[in-house]
Amino acid sequence: MSRYALRLLSLASALGLWQALTSLNVDLWLRFSQFPTVADVARAFAARLSGPDYWTDLTDSLTRILTGFLLAAVLGVATGVLVARSRLAEDLLGPVLEVIRPVPAIALVPVAILLFPSNEQGIVFITCTAAFFPVLVSTRHAVRALTPVWEEAVLTMGGGRWRILGSVVLPGALPGVFGGLSVGIGVSWICVISAEMISGQYGVGYRTWQDYTVVDYPGVFVGMATIGVLGWLTSTAVELLGRRLTRWLPRTAYAPAVRTPRPRRPARLTGAGQPTPAAPPARPGGARPEEARDEHLV
């Protein structure tokens, strides 16, 4: 509960600072006098909630994000595994993907307008492209980082390629995959808002751009706050899903564990009167630490 209280305090402090700087018209170097206050944005947000357009824009943006992101997740994971496991696929697809990857997804808006018959399909295409490459790169690196001992163990027990894929490759690469998904959902929000500003008809990005053109700055900040909250909620959902599917992984605690010093045993005297180091303590079952380590490796 203290952690949640600290987070709420951090958010409240940021809002309080914003309100103080804008209400006092502070103009040191940054011109906060041009900004709307928190109260102005709150009133605009309350007015938006009472109208139907806000919920329509919210539904349209979420539909575009979820559709494009799910397509990117499936295609990115499949392509990443294929490129990482097959030299032929890497030689055929690798150069094309590496040439397209640096191109910003928002630069594909003219391509989407020319290719797809409707703006809706073009926006989904841009969203999918934006999330595809982070998922692809993270999956590729995660699969290549897997230790070959696991694969050799499955082969020793008679497993084939599909068994290796389902028992070793996909479970072992899940942490890296969800890292790419977390990055991809954030990039998807950036690009879908930009695409809606250019070629959309409804959506949070489209409404934010319309407010800017009519100089409704509180409405612009309402759109920005909505985008931030939606991005945070979707990123949190992806992270929680990743934690759920990788609950077998060890988790690092925030507080470091306190190690208590082990009492030293007195040295024993040999026949010549020279002390000899005491034998290391035996583990349960009578095994020495070296034997326990070797047994663990086996």
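Here, residue 1 is the first one in the sequence, and each next residue gets the next number.
- With hydrogens and angles ignored, the 3.5 Å screen pairs a side-chain donor or acceptor of Thr213 with a backbone N or O of Gln210.
- In terms of heavy-atom proximity, Pro36 sits nearest to Pro218 at CB-CG, 4.0 Å.
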Would Ile65 and Ile185 satisfy side-chain contact (heavy atoms from CB on, under 4.5 Å), going step by step from the backbone distance to the final call? CA-CA 8 Å; Ile65 277 287; Ile185 189 68; 3.9 Å; yes
Take Thr234 and Leu230 through the side-chain contact (heavy atoms from CB on, under 4.5 Å) test and state the conclusion after the steps. CA-CA 6 Å; Thr234 51; Leu230 290 177; 5.6 Å; no
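- Atom CH2 in Trp189 sits 12.0 Å away from atom CZ in Phe69 (nearest 0.5 Å).
- Placement of Leu30 and Leu17 within a single hydrophobic cluster is found when ILVMFWY residues are connected by side-chain heavy-atom separations under 4.5 Å, directly or transitively.
- Arg207 contributes no side-chain N or O that, together with a main-chain N or O of Val204, makes up a donor-acceptor pair within less than 3.5 Å.
- For the atom pair CG of Asp27 and CG of Leu21, the computed distance is 10.0 Å after rounding to the nearest 0.5 Å.
- Across Val38 and Gln19, no two heavy atoms sit closer than the pair N-OE1, 3.0 Å.
- Closest approach of Val220 to Tyr212, counting heavy atoms only: CG2-N, 3.6 Å.
- Once rounded to the nearest 0.5 Å, the distance linking OG of Ser182 with CG of Leu241 reads 9.5 Å.
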Can you check side-chain contact (heavy atoms from CB on, under 4.5 Å) on Phe133 and Val187, steps first, answer last? CA-CA 10 Å; Phe133 287 104; Val187 179; over 6 Å; no
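- Between the side chain of Thr226 and the backbone N or O of Val222, at least one donor-acceptor pair lies under 3.5 Å.
- Under a 3.5 Å cut-off, the side chain of Ser138 and the backbone N or O of Val135 do not form any donor-acceptor pair.
- Side-chain contact annotation: Thr208 with Asp211, donor-acceptor N/O pair under 3.5 Å absent.
- Looking only at side-chain heavy atoms (C-beta outward), Thr67 and Glu120 stay at 4.5 Å or farther from each other.
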Set out, in order, the CA-CA distance, both residues' side-chain angles and the distance that settles side chain to side chain donor-acceptor pair (under 3.5 Å) for Asp40 and Thr37, then state yes or no. CA-CA 5 Å; Asp40 295 335; Thr37 64; 3.0 Å; yes
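- Expressed to the nearest 0.5 Å, how far CD of Glu151 lies from CZ of Arg163 amounts to 14.0 Å.
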List the atom pairs, with distances to 0.1 Å, where a side-chain N or O of residues 89-117 and a protein N or O form a donor-acceptor pair under 3.5 Å, not counting sequence neighbours.
unit_1, atom_1, unit_2, atom_2, d
Glu90, OE1, Arg144, NH2, 3.4
Glu90, OE2, Arg144, NH2, 2.9
Glu98, OE1, Arg101, NE, 3.4
Glu98, OE1, Arg101, NH2, 2.9
Glu98, OE2, Arg140, NH1, 3.2

Assess whether ring-ring contact (aromatic ring centres under 6.0 Å, His included) is satisfied between Trp209 and Tyr206, documenting all intermediate values. CA-CA 5 Å; Trp209 181 253; Tyr206 171 79; 10.0 Å; no
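- Figure legend: Arg48 and Phe45 shown without cation-pi pairing, the cationic atom not lying both under 6.0 angstrom from the six-membered ring centre and within 45 degrees of its axis.
- With rounding to the nearest 0.5 Å, the separation of CD1 in Ile126 from SG in Cys191 is 8.0 Å.
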May I have the step-by-step check of side-chain contact (heavy atoms from CB on, under 4.5 Å) for Glu196 and Arg64, ending in yes or no? CA-CA 10 Å; Glu196 287 176 350; Arg64 293 162 179 168; 2.7 Å; yes
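- Remark: Phe125 CZ is packed, more than 12 non-hydrogen atoms of other residues, nucleotides or ligands lying under 6.0 Å away.
- For the atom pair Thr59 OG1 and Tyr54 OH, the distance stands at 10.5 Å (nearest 0.5 Å).
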